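Okay, structure first, notes after.
First the proteins, then the strands, lettered A, B, ... as listed; each starts at 1. These figures come from a predicted structure and were not determined experimentally.
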Amino acid sequence: MAVSRREVLLGSAGALGAASFSFPAPAIAQSEPIKIGCLAAITGPSSAPTVGFNRGVNFAVDAINGSGGVKGRKIELVMRDTQGDPTKAVNATQELISQAKVHAIWGPLNSGEALATTPIMARAKMPDLHPCVVESLIDPAKYPNAFRIAPSNNQWDDAVRNYCLKILKVKKVAVIGDTTGYGVTAVGASVAAFKKDGAEVVYQANVDSTQPDMTPDMLRAKNAGAEAIVVWSVSTGMEARMFNTRAAMNWDVPFVGHPSMASGELAGLVAKPENWKKVYAIGYKSCSYDGAGKLPQRSEDLVARLAKANVVLSDTLLWWVAGGIDCIELIAKAVAESGSTDSTGIIKYWNTLSSYPGYFGNYRFSPTEHNGYLTEEIVMSEASTAKNGTFALAPGYT
Amino acid sequence: MLASILASGLAAGAIYALVGVTYNTMFSTSRVMSFTAGQLAMLGGVFGSMFTLKMGLPIVVGFLLTLLCCAIIGIITEFVAVRPVLKSLDQHLYVLSTLAVALMIQQVAAIKWGTEPQPFPRIVGIGEGILDEKFWLPVAACAITIVGLEYLYRRTLVGRAFLAIAEDNFAARALGLPERNLRVASYALAGVIGGIAGFSGGQLLLAFFANGALLNFYGFVPVALGGLGNNRGAIIGGLALGLFQQAANFLVGGIFSSVAVFTLFIVVLLAAPQGLFGASTARRV
């Protein structure tokens, strides 16, 4: 039988086609690594949180891969240094999506970068977990792929207000912030919320953080009858001046507010260690120890595991490390439960989490609520009591 | 309240005045308003904290090293940002070149020193409350600097040479004065004065990279108010600015105090464009 060239070509094409049909494509997908993109400010002035988050991320990845991976698939981190720069974060996001072809992204880790990258990730339907506080970053209608695993600004505000009104039981507060965009916005929102809850805001001010003497504002707050001073600033210099001025005025009013009031740098900036007492900064239940020096049991177990793995906590915050672990485990769990790294499946799984027990906190997501952290898990900490990245609970908690 | 206004107002005013004198010292020999003046004061605080707290050197050694480093930065400014643009002073290119150097100093300080304010040590250890050394030390430093400058300008040959250059550059050169060397020396002297401002005000302002921009502006105000090149005017203008600013902080507070300062600044310049103590110079034709 004569075989024509056309028949040979057809036969070859058919054989190739058959070979490709019979090739186990799902098997490839099931064995390839789960690629997680990380947008982290590894270097630059805002790198401190990244150092902590990365310790948790690496710890979780090592733990999961060490125990065989997610249904046999290893996790592969694709880390990009954004240096805290939104432009670099945008470039890195596009590269992670289109070239590295990651399956989910953790980060960015600060709001400035996230404001720039969130719309890009939304267009690509890229599952994204981040810890950034700006409210507008979470909008399930506009950004159905973005989920927050840390408190938002409003949640911080609620926690501070609740502590002042319900635990300290003060009625008159002074609200002071710096003159940055954040300070002005935060003071405005805080004042409005205090008034709405029936408290009297006897003094409010936005102060230039380089102002060398805080006596004028502190004196006005005192003369107005403030029973607590609420602080919304990230400037440790300004905060230290306020604490020193309070001491010079022999005034024992409590300061309540931004987590930066617990920054270790304040130890060198206050004139005397006792000037830093009666300062209550935003903290978290999972990372706060009680009068006996004990963390919640789940956190105690985590700290023991971290110590065993030689993860250092003395120069960072436990919540950063715990948050890093939670993000990796949330992605791994989503892949395991949805059965693939398909973005729709990952997002759909996260939307079903009505109560997910993480290390940093319990998360609750739904199709209409992507702010996963629970406000009741935010507490006030004694600012000057840092111990291995944890803080003592402020007075009033049982 | 009055005591507090006087204490912190005079202290901040003395720092502003010293930065104003730094501007004038650089201006007198080069006719250039170098916007590195505030950064030199910022570096006074940063170097001071670095040498004494971070490196643990004795205060006196730290102080001298701080002045030396600031003098070197002053000389570098002259070489990098001033000398290349002297031939085209009328185009005011120095604004760009000195601002660029100022920005570089600030960014390097932020990267190497950090973006958070750092503590500054107590130097003398005398005084509490409104008599704390952080308030009187800048005033004392300002007074000593003025006395020293007066002595330099009136009693020494080098000082008189500075004055000659400032008065008439061409005539001084015609008389054989080493104009270029004297200009470099005046930039080193400006660095020292800026360093004194930052070191003496370190406890008040802390060692913070962002102080440079603040002092650049608040140090310029007394120069404009007191008259360009007039040290006496800068001192009075600086102290008045500090007192007015602190009084405004008490009376109107926060952001509004800055508005009050700028308003006064504009009103004074509208009333006396050459500054309160400046005189419009006649040009010989």
Next item on the list: Would you mind checking which part of V270(A) comes under 4.5 Å of any heavy atom in chain B, side chain (CB onward), backbone (N, CA, C, O), both or neither?
Entry: neither
Item checked: Residue pair S34(B) / T36(B), side-chain donor-acceptor N/O under 3.5 Å -> yes
Next item on the list: Sort T236(A) into side chain, backbone, both or neither according to what part of it lies under 4.5 angstrom from a heavy atom of chain B.
Entry: both
Notebook entry, point to check: For the ring pair (Phe, Tyr, Trp, His ring centres under 6.0 Å) test, which of W319(A), W320(A), F391(A) pairs with Y284(A)?
Noted result: W319(A)
Note to self: Heavy-atom cut-off 4.5 Å, strictly under: side chain, backbone, both or neither for F250(B) against chain A?
What the structure shows: both
Check: Hey, are R55(A) and D315(A) close enough for a salt bridge, meaning a charged N less than 4.0 Å from a carboxylate O?
Finding: yes
Margin query: Is L214(B) in contact with chain A via its backbone, its side chain, both, or neither, using a 4.5 Å heavy-atom distance?
Written below: side chain
Margin query: I need the single residue from I123(B), L64(B), V124(B) that forms a side-chain contact (heavy atoms from CB on, under 4.5 Å) with I59(B). Which is it?
Written below: I123(B)
Margin query: Under 3.5 Å, is there a donor on one side chain and an acceptor on the other for Y203(A) and D217(A)?
Written below: yes
Notebook entry, point to check: So which part of L251(B) gets closer than 4.5 Å to some heavy atom of chain A, the side chain, the backbone, both or neither?
Noted result: backbone
